[in-house]
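Both backbone and side-chain heavy atoms feed into the values below; hydrogens, waters and symmetry mates do not.
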Amino acid sequence: MMKSFGDMMKTAQKMQKQMSELQDKLQEHRYEATAGGDMVKAVVDGKQMLKELKLSPKALEEKDVTLLEDLIITAVGEAQRTSQEKMTEAYSKVTGGFNLPF
């Protein structure tokens, strides 16, 4: 049975409101990842924005700048991937599995 245009608009508005509320909620979540045996820890929010970066004193003892840069990139990237996966899962529940840009 075909829905009327009005019904489709109401459904779209409801979904938009749910997604907006979900974005606000996800922004409060924190996702953490480490690299180099916990020498580097990165924390991002639900929108993959870096919120915290911690370096252990051991990481600085190595005096290998290239290694430290790689560890930072790895930790941040992993935290962002985890955040993205959780956001995609949550959006999928709201959109009924449709892949919408967010």
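Nearest heavy-atom pair, Asp38 versus Thr34, reported as atom, atom and distance to 0.1 Å: OD1-OG1, 3.0 Å. Heavy atoms only, all atoms of each residue included: Leu71 and Ala35 are closest at O-CB, 3.5 Å. Closest non-hydrogen pair, Ala75 versus Ala33, comes out as O-CB, 3.4 Å.
In this structure, the separation between CD1 on Ile73 and CD on Gln80 is 11.0 Å, given to the nearest 0.5 Å. We find the CE-CD distance between Met87 and Glu85 to be 11.0 Å, quoted to the nearest 0.5 Å. Interatomic distance, Gln48 CD to Lys86 NZ, rounded to the nearest 0.5 Å: 13.0 Å. To the nearest 0.5 Å, atom CD of residue Glu61 and atom OG of residue Ser56 are 7.5 Å apart. Between atom CG of residue Leu60 and atom CE of residue Met39 there is a gap of 10.0 Å, rounded to the nearest 0.5 Å. For the atom pair NZ of Lys47 and NE2 of His29, the computed distance is 13.0 Å after rounding to the nearest 0.5 Å.
Taking a cutoff of 4.0 Å between a charged side-chain nitrogen and a carboxylate oxygen, Arg81 and Glu78 qualify as a salt bridge. Arg30 and Glu52 are not joined by a salt bridge, as no carboxylate oxygen comes within less than 4.0 angstrom of a charged side-chain nitrogen.
Formation of a donor-acceptor pair under 3.5 Å by the Ser92 side chain with backbone atoms of Thr88 is not found in this model. For the pair Ser83 (side chain) and Asp45 (backbone), a donor-acceptor distance under 3.5 Å is present.
Here the side chains of Leu50 and Val43 are not in contact, with every heavy-atom distance at 4.5 Å or above.
Other residues, nucleotides and ligands contribute more than 12 heavy atoms inside 6.0 Å of the CD atom of Glu62.
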